Amino acid sequence: MVHSNRRQFLAGTAASFATLAMGRAYAQAPEGPFKLPPLGYAYDALDANIDAKTMETHHLRHHGAFITNLNNFAKDTPALGTTPVQDLLAKWQELPEAIRTGAKNNLGGHANHSMFWQIMAPGGANTPDSDLKAAIDRDLGGFDKMKADFNGAGGRVFGSGWVFVTVTKDGKLALVSRPNQDTPLMDGQRVLFGNDVWEHAYYLKYQNRRAEYLASWWNVANWSVIGARYAAAKAGTLTI
Ligand code: MN
C-alpha cells in the first residue's frame with residue numbers, strides 16, 4: 001500500500017511539475033500582443049525526419065525568445081503589436097532607430113517560424129495540387145528540379161539563414177535564400193514556403209550533415225497548407 005501510494009503521489013507530483021514547467025515556460029514571456037503560435041501537432045510527430053527534442057527546443061525556446069523580445073519592444077513601441085507583421089517587415093527601415101535592428105530580427109524570426117510550423121505535417125504523403133504543380137513546372141522547372149535547386153540553395157547558405165520559395169499575386173514562383181532571420185517579406189514579397197537551415201533546426205539529429213536534413217525535410221512538407229497559401233497569395237490575402 002505504501003508503495004502504491006508513493007507511486008500515486010510521485011505520478012501526481014510528476015504531472016504537477018510538468019504542468020508547472022509548461023506554465024512557467026509561457027509565464028516567463030511578458031504579457032503583450034505577441035503570442036507563440038501552437039504547432040498544431042505533437043513535438044514527436046515529425047520524429048522520423050525531425051526529432052522531438054529539436055522541435056520542442058526550436059518552438060518553445062527559439063521561437064519563444066522572439067515572442068518575449070517582441071513583447072518587450074512593444075512596451076515602448078505599441079504600434080508593433082497593432083500593425084500586421086508583414087507590414088512592419090516591409091517597412092522595417094521606418095522602425096524607431098533604437099529598436100530597429102532588434103525588432104527587424106525578431107519580427108523576421110517570428111514570421112519565418114510561424115510559417116515554418118504550419119507548412120509541415122506528419123506523414124507528408126500529399127503532393128502539390130494541380131494548380132500549384134503547374135506553377136512549379138512553369139517557374140521552377142518541375143518538382144524534382146525545384147527540390148534539387150532548393151536543397152542546393154539551402155546548402156549554400158553560409159552560416160545561418162533560410163531558403164524560400166516566394167510567390168507573387170500573379171502566382172509566379174521564385175527560389176531565394178536569406179541570411180539570419182531575414183525574409184522576403186522585408187522586400188514586400190510573399191513566402192509560399194521555406195526551410196530553416198540554422199544549425200538549431202537539425203543539429204541534434206543530423207549534426208553537420210545539412211544536406212541530409214534538407215533532403216529528409218521534404219518528407220514533412222504539408223502540401224495541403226502550401227496549396228492553400230498559394231491560393232491565398234493569388235487572392236492577395238496571404239500574410240506571413
Ligand atoms: Mn529556427
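What you see is a predicted model; the values in this text were computed from it and never measured. Order of appearance sets the numbers: ligands from 1, and atoms from 1 within every ligand.
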* Can you tell me if His62 has an N, O or S atom under 2.8 Å away from the Mn ion (ligand 1)? ->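 Of the N, O and S atoms in His62, none lies under 2.8 Å from the Mn ion (ligand 1), which means no.
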
* To do: Please state whether the separation between the Mn ion (ligand 1) and some N/O/S atom of His200 is under 2.8 Å?
  =>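 So His200 counts as coordinating the Mn ion (ligand 1), yes.
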
* salt bridge (Lys or Arg N to Asp or Glu O under 4.0 Å) with Lys133: which of Asp129, Asp131, Asp137? ->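 Output: one option passes, namely Asp137.
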
* Is the shortest side-chain N to carboxylate O distance from Lys91 to Asp87 below 4.0 Å? ->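 Salt bridge: no.
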
* Asked: Taking the inter-plane angle between the rings of His63 and Trp117 on a 0 to 90° scale, is it parallel (under 30°), tilted (30 to 60°) or perpendicular (over 60°)?
  ->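 Rings of His63 and Trp117: parallel, under 30°.
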
* Asked: Less than 6.0 Å separating the ring centroids of Trp223 and Phe193?
  ->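 That pair passes the under 6.0 Å test.
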
* What N/O/S atom of Asp196 gets nearest to the Mn ion (ligand 1)? ->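 Considering only N, O and S atoms, Asp196 comes nearest to the Mn ion (ligand 1) through OD2.
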
* **Vertex the Mn ion (ligand 1), rays to NE2 in His113 and NE2 in His58 - rounded to 10°** =>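 Between NE2 of His113 and NE2 of His58, the angle at the Mn ion (ligand 1) is about 90°.
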
